[in-house]
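Single-structure report; data block below.
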Number of protein chains: 2
Amino acid sequence: MSGDQPPPTEAEWLAAYDPHAFTPIAVTVDIVALTLRESADGDTALHVLLVQRAEPPFQGHWALPGGFLRAGEEDLDTAAARELAEETGLHGGGTGSDTAEATLSRVHLEQLGSYGTPARDPRMHVVSVAYLAFAPDLPDPQAGTDAAAAAWHPVAALDLSAGSTATRDPHAPIQLAFDHARILADALDRARAKIEYSPLATAFLGPEFTVPELRAVYEAVWGERLHPGNFHRKVLSVPGFVEPTGRTTDRGGTRGGPRARRYTAGPSRRLHPPLLRPSQEPGPTPEP
Amino acid sequence: MSGDQPPPTEAEWLAAYDPHAFTPIAVTVDIVALTLRESADGDTALHVLLVQRAEPPFQGHWALPGGFLRAGEEDLDTAAARELAEETGLHGGGTGSDTAEATLSRVHLEQLGSYGTPARDPRMHVVSVAYLAFAPDLPDPQAGTDAAAAAWHPVAALDLSAGSTATRDPHAPIQLAFDHARILADALDRARAKIEYSPLATAFLGPEFTVPELRAVYEAVWGERLHPGNFHRKVLSVPGFVEPTGRTTDRGGTRGGPRARRYTAGPSRRLHPPLLRPSQEPGPTPEP
DNA sequence: ACAATAGTGTCTCTGAGACAATATTGT
DNA sequence: ACAATATTGTCTCAGAGACACTATTGT
C-alpha cells in the first residue's frame with residue numbers, strides 16, 4: 001500500500017514470467033584448477049590450467065577454462081565438473097582408461113565465488129561463478145574447439161596485479177583475459193587458507209603418499225620452506241589426517257636418505273589442531 | 001581441428017553474440033541479514049531479516065529478501081547493498097535521517113555463495129548469489145511492494161532441516177521458501193566461523209561497545225556460554241581488535257555490577273591469535 | 001546487606017618451534 | 001666414505017582454560 005519506494009520492483013517480478021522480455025544476463029562457470037608439477041628449474045611448483053583464447057575479445061590471451069551454464073539442465077557444481085572434465089580430457093563417465101576416471105574422482109572441487117561486474121565482458125553482462133579445483137599431477141590437456149591451446153602454467157609466471165599498477169613483475173609478463181587475474185588471486189588466497197584447516201593438501205597427491213611429499217605440497221602452495229622434523233610430527237599428531245599403510249617407498253630420495261613410509265588420506269574433513277602457516281605477522285601496528 | 005569432443009561448445013559461444021537466442025537464466029541476489037535483538041524470553045538472540053511472499057510460488061511463506069540483478073547496470077555487491085537498503089528501509093544516499101545512513105554504512109556485507117539448481121525456482125532457471133550481512137540492531141523493516149510483510153525472525157524459530165528429514169524440531173515450524181533454509185544454514189556456518197578469525201562481531205554492535213556486550217555477540221552466534229574472565233583477557237590481548245575510549249557506561253548492569261569500559265573497533269581486519277570456539281570436538285572417529 | 005557483574009591474578013596443560021640426534025640410503 | 005634425508009627426542013615459550021579473588025554497582 002502506502003509505499004515510499006519506487007514501483008519498478010513489481011515490474012521486475014512480472015518480467016520473470018516472460019523470461020525473454022528483459023535484458024539478458026549470461027551465467028558462466030570458470031575453473032581455477034591447481035596442481036603440482038615439475039617446474040622448469042626442477043622444483044615442484046604450483047600450476048594452473050589455462051586455455052588460450054582463439055577468438056576476440058582477448059584473442060590470444062590465456063584465460064581460465066570455463067563455459068556457459070546450460071539453462072534448465074544442470075546445477076552449478078555439475079557444470080563445473082563437466083567443464084573440468086572437458087578441459088582436462090578426463091571424462092568421468094566415459095569409456096576407456098580407468099586411471100583417468102579414478103584420478104578425476106579424486107579431484108576436489110568447490111565453489112570459490114561469483115563475479116558480476118557489468119563491464120567484465122565487453123559483449124554482454126556475464127556473471128561468472130568461479131570454482132576452485134585441487135588436482136593431482138594430470139597429463140597435459142588438449143585444446144577444445146573454442147581454444148587455440150590448453151596447458152598447465154606455473155602461477156609464478158602470471159601477472160596477478162589485475163589493474164593495481166603497484167606490483168608489476170617484469171618476470172611475470174603473462175596477462176590473463178577478462179578479470180581472471182583477480183579470480184586467480186582470490187583462488188590462491190583461498191587455497192593457502194584452506195590447507196590450514198582441511199586435509200585437502202592430500203588432493204594434490206596420489207592415493208598413497210609420504211609425509212615429505214605432503215610437506216612439498218604445503219611448501220609449494222605457501223611458498224615457504226617448512227621444518228621437516230616439526231612438520232612430520234605435527235601431521236601425525238592430527239587425528240584422522242593421514243593413516244599408515246605399512247608400506248614404504250621402493251627407494252630413498254634422489255639424493256639419498258632412507259625410504260619413507262607411505263600413508264593414505266584419513267577420514268577427517270577438518271584438521272584439529274590446524275596446520276598454521278608461519279607467515280602470519282602478529283603485530284601489524286608497532287608504535288614508534 | 002581433430003577434436004574428439006562434441007562441437008556444441010562452439011554453438012554456445014556463437015549464441016553469446018545473440019543474447020536473446022538461447023534459453024535465459026535469471027540472476028538474483030538474496031541477502032541473509034543477521035542482527036542481534038531482544039528475543040521473546042528476554043535474552044538477546046540472533047535474528048534474520050525475512051519477507052513474506054505475496055505471490056506464488058511459495059505464497060505466504062517467509063523468504064530471504066532479494067531481487068533481480070539489473071542487467072548491464074550494477075555489480076553483484078552493488079545489487080546486494082541496494083536490496084539490503086530497500087528491505088531495511090535504510091537508504092544509504094537518501095535524504096533525511098543521518099542515523100540511518102551512518103548505521104547502514106556500518107553494516108558488513110560479503111558474498112556467501114551462489115545457488116543454481118535448475119529446479120530451485122519453478123518458474124525458470126534462477127541462479128541466486130547469496131550475500132551475508134552483519135548488522136547492528138535496526139528498526140523493524142517495512143514491507144516492499146512485492147512482499148506482504150517484512151520482519152526480523154529469531155533463527156531458532158526457523159526450520160533449517162531443508163530436506164534432510166533427520167532433525168525436524170517441532171518448535172521450529174516456520175518453513176522457508178525455495179532453498180532458503182539451505183542458504184541460511186550455510187550463512188550461519190559462515191558467520192560462526194567468521195567471527196573466530198575476523199573482528200566482524202563488532203559489526204553487530206554500535207560504534208562504541210563494552211567487552212561484555214561483545215561477549216554477548218559471540219554467545220548468541222555460537223549458542224554457547226563463554227567464560228567472562230578468560231574472554232575479557234583474550235579480547236584485549238589481540239592487537240588491533242578493540243581500542244579503549246577512556247569512557248565507561250553510564251550505569252552498571254541491570255542486575256548490578258560495576259560500570260564497564262567502552263571500546264571502539266580497532267584497525268585489525270584479522271585476529272591474531274583467533275578466538276576459537278570451544279565446541280570443536282577433537283576426535284570424531286574413536287575406534288571401538 | 002546482598003547478589004550480580006567487571007576486571008585481574010595465578011596455575012596447569014597443550015601445542016608450536018628451535019635444535020639436536022640417530023638411522024638409512026643414493027652417489 | 002660422504003652427503004642427504006626420514007624420523008624421533010628434548011627443551012622452551014606462548015596461549016587457552018579452570019579457578020580464585022577484588023572492586024563496584026543495582027536492588
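Lettering of chains follows the sequences in order, A, B, ..., and the numbering in each one begins at 1.
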Judged by atom type as modelled, is there a donor-acceptor pair below 3.5 Å linking the side chain of A:Gln111 to the main-chain atoms of A:Asp77? no
Quick check for you: to the nearest 0.5 Å, what is the distance between A:Arg106 atom CZ and A:Leu138 atom CG? 10.5 Å
On DNA chain D, nearest-nucleotide positions of B:Leu275 versus B:Arg259: which is more 5'? B:Leu275
Range on DNA chain C touched by chain A, heavy atoms, distance below 4.0 Å: C:dA16 to C:dT27
Which ones in residues 247-254 of chain B lie close to DNA chain D, meaning a heavy atom under 4.0 Å from one of its atoms? B:Arg251, B:Gly252, B:Gly253, B:Thr254
So, the side chain of B:Thr35 versus the backbone of B:His47: is there a donor-acceptor pair under 3.5 Å, distance only? no
Ignoring hydrogens and angles, tell me if any N or O in the side chain of A:Trp222 forms a donor-acceptor pair with the backbone of A:Arg192 under 3.5 Å. yes
Could you verify whether a donor N or O on one side chain and an acceptor N or O on the other, from A:Asp30 and A:Tyr115, lie under 3.5 Å apart? no
side-chain hydrogen bond (donor to acceptor under 3.5 Å, both in side chains) partners for B:His153, two or more places apart: none
Using nucleotides 11-15 of chain D, report all nitrogen or oxygen pairs with the protein that are shorter than 3.5 Å.
none

To the nearest 0.5 Å, what is the distance between CZ on B:Phe134 and CG on B:Leu34? 6.0 Å
On a heavy-atom basis, which atom in B:Leu109 and which in B:Ala81 lie closest, and how many Å separate them? CD2-N, 3.6 Å
Those residues of residues 210-233 of chain B lying under 4.0 Å from DNA chain D by at least one heavy atom: B:His227, B:Asn230, B:Arg233
Looking at D:dG17, I'd like to know if its phosphate oxygens (OP1 or OP2) sit under 4.0 Å from a side-chain N or O belonging to B:Arg277. no
Where does the angle between the aromatic ring planes of B:Phe241 and B:Tyr218 fall among parallel (under 30°), tilted (30 to 60°) and perpendicular (over 60°)? perpendicular
If I compare all heavy atoms of B:Leu84 with all of B:Ala33, which pair ends up nearest, and what's the gap? CD1-CB, 4.0 Å
Pairing stems for DNA chain D [at least three consecutive pairs; Watson-Crick or G-U; under 3.5 angstrom]: C:1-27 with D:1-27
Is there a salt bridge (charged side-chain N to carboxylate O under 4.0 Å, His left out) between B:Asp186 and B:Arg190 once you walk through the steps? CA-CA 6 Å; B:Asp186 290 345; B:Arg190 171 81 71 94; over 6 Å; no
